[in-house]
Protein chains: 2
Amino acid sequence: MGFDRELVKGTTATVVLRLLREREMYGYEMVKEVNARTGGLFKWKEGTLYPCLHRLEVDGLLRSHWREAPNGKKRKYYRITAKGLAELARRTEEWKQFAGGVNVLLLGKTG
Amino acid sequence: MGFDRELVKGTTATVVLRLLREREMYGYEMVKEVNARTGGLFKWKEGTLYPCLHRLEVDGLLRSHWREAPNGKKRKYYRITAKGLAELARRTEEWKQFAGGVNVLLLGKTG
DNA sequence: TGACATGCATAGAACGGCGAGGTATACTAT
DNA sequence: ATAGTATACCTCGCCGTTCTATGCATGTCA
């Protein structure tokens, strides 16, 4: 990740949910997408993402289906569920509060 | 912690260093201080803090000394070292970048 | 006397990221 | 032909961190 591993924990699943709110995507695509959107700041690994996707699907926050790509590759597309959307909202709010708290403590920012 | 356990990881040590940049403190005091500064948002536990303090001391980022309090209790005060200050700067910068990245991904904020 | 706050500490469980490894296909350059 | 790179999926086991639970000792207050 480039960042301290521990810093990353807890945000990965939330980011996945957020990506899938925009459109359905497949795993490999998400890795590239996140790395691109952050200008290489985030460097997601497949060893992190795939288990994460499986957990989210087991929990009913995502649903997946296979589709063949023009290049002949099989892709597993993920779509967010209603439950996933609710969870995303909850986690996003939690992140805001948490980041706000850390900013107060580290940077002295009020709010 | 109140928050998702995983979200907290990686920030505890940094916050400790930041607190000790202001003045020397003892463990129990830090717990109360953090909980107070965040208005109860953060709920540090002793089982989290003490091992953290020990690690930081082993790593040479903190130094400790015992002192007796007016109430008769023995307190272990911690002071940040020069190495600790450097590490604090590094970690603070890392937090800013990381939080910025997450904000871009989750909230679409540019920067 | 019993509860609660102060103040230190540790052991074990739980959990997520990641390095390393594996499978398979397709395209490109030598 | 063949080696390399990109695409695309996956799993295993290590590691570090937090939390729960527990323990000790003291002082205060109802």
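In what follows, chains carry the letters A, B, and so on, assigned in the order in which the sequence lines appear, proteins first and then strands, with residues in each chain numbered from 1.
Distance CG (L7(A)) to P (dT18(D)): 11 Å, rounded to an integer number of Å. Atom pair Y78(A):OH and dC9(D):P shows a separation of 8 Å (rounding to whole Å applied). Between M30(B) atom CE and dT6(C) atom C1' there is a gap of 15 Å when expressed in whole angstrom units. The distance from atom CG of L53(B) to atom P of dC8(C) is 9 Å, rounded to the nearest whole Å. If you take CG of N71(A) and C1' of dA6(D), they are 10 Å apart, rounded to a whole angstrom. Computed from coordinates, the W44(B) CH2 to dT17(D) P distance equals 14 Å when rounded to whole Å. Between the CG atom of N35(A) and the P atom of dT7(D) there is a distance of 12 Å, given to the nearest Å. For the pair Y28(A) OH and dT25(C) P, the computed distance is 17 Å after rounding to whole Å.
Listed nucleotides: dG17(C), dT20(D), dT17(D). Nearest to the side chain of K45(B): dT20(D). The side chain of R55(A) lies closest to dG16(C) when the candidates are dA8(D), dC18(C), dG16(C). Ranking dA9(C), dG16(D), dG17(C) by closeness to the E6(A) side chain, first place goes to dG16(D). Ranking dA8(D), dC8(C), dG17(C) by closeness to the R75(B) side chain, first place goes to dC8(C).
Phosphate contact (OP1/OP2 of dA9(C), side-chain N/O of Y50(B), threshold under 4.0 Å): absent. In this model, the phosphate group of dT6(C) is approached by a side-chain N or O of K32(B) to a distance below 4.0 Å at OP1 or OP2. The side chain of T12(B) contributes an N or O atom lying less than 4.0 Å from OP1 or OP2 of dT18(D). Neither OP1 nor OP2 of dT17(D) sits under 4.0 Å from any side-chain N or O of T48(B).
On a pure distance criterion of 3.5 Å, a polar donor-acceptor pair joins the side chain of K9(A) and the base of dG16(C).
Of all heavy-atom pairs between N35(B) and K43(B), the closest is OD1-CA, 3.4 Å.
Using a 4.0 Å heavy-atom distance criterion, E46(B) is classed as a base contact. Contact annotation for G72(A): no contact, since no heavy-atom pair falls under 4.0 Å across all strands.
Residues G47(B) and H54(A) both approach DNA chain D. Their nearest nucleotides, taken by heavy-atom distance, put H54(A) toward the 5′ side. Summary of the strand contacts: C52(A) and K73(A) both lie near DNA chain C, and taking for each the nucleotide with the nearest heavy atom, the more 5' one is attributed to C52(A).
In summary, the side chains of R79(A) and Y77(A) do not present any donor paired with an acceptor at a separation below 3.5 Å, with no hydrogens or angles considered. No hydrogens or angles considered: a donor-acceptor pair under 3.5 Å links the side chains of H65(B) and R67(B).
Other residues, nucleotides and ligands contribute over 12 non-hydrogen atoms within 6.0 Å of the CZ atom of R90(B).
Using a 4.5 Å heavy-atom threshold, the side chains of L61(A) and I80(A) count as separate.
Of the residues E94(B), R91(B), Q97(B), the one that meets the side chain to side chain contact (heavy atoms under 4.5 Å, CB included) test with L7(A) is E94(B).
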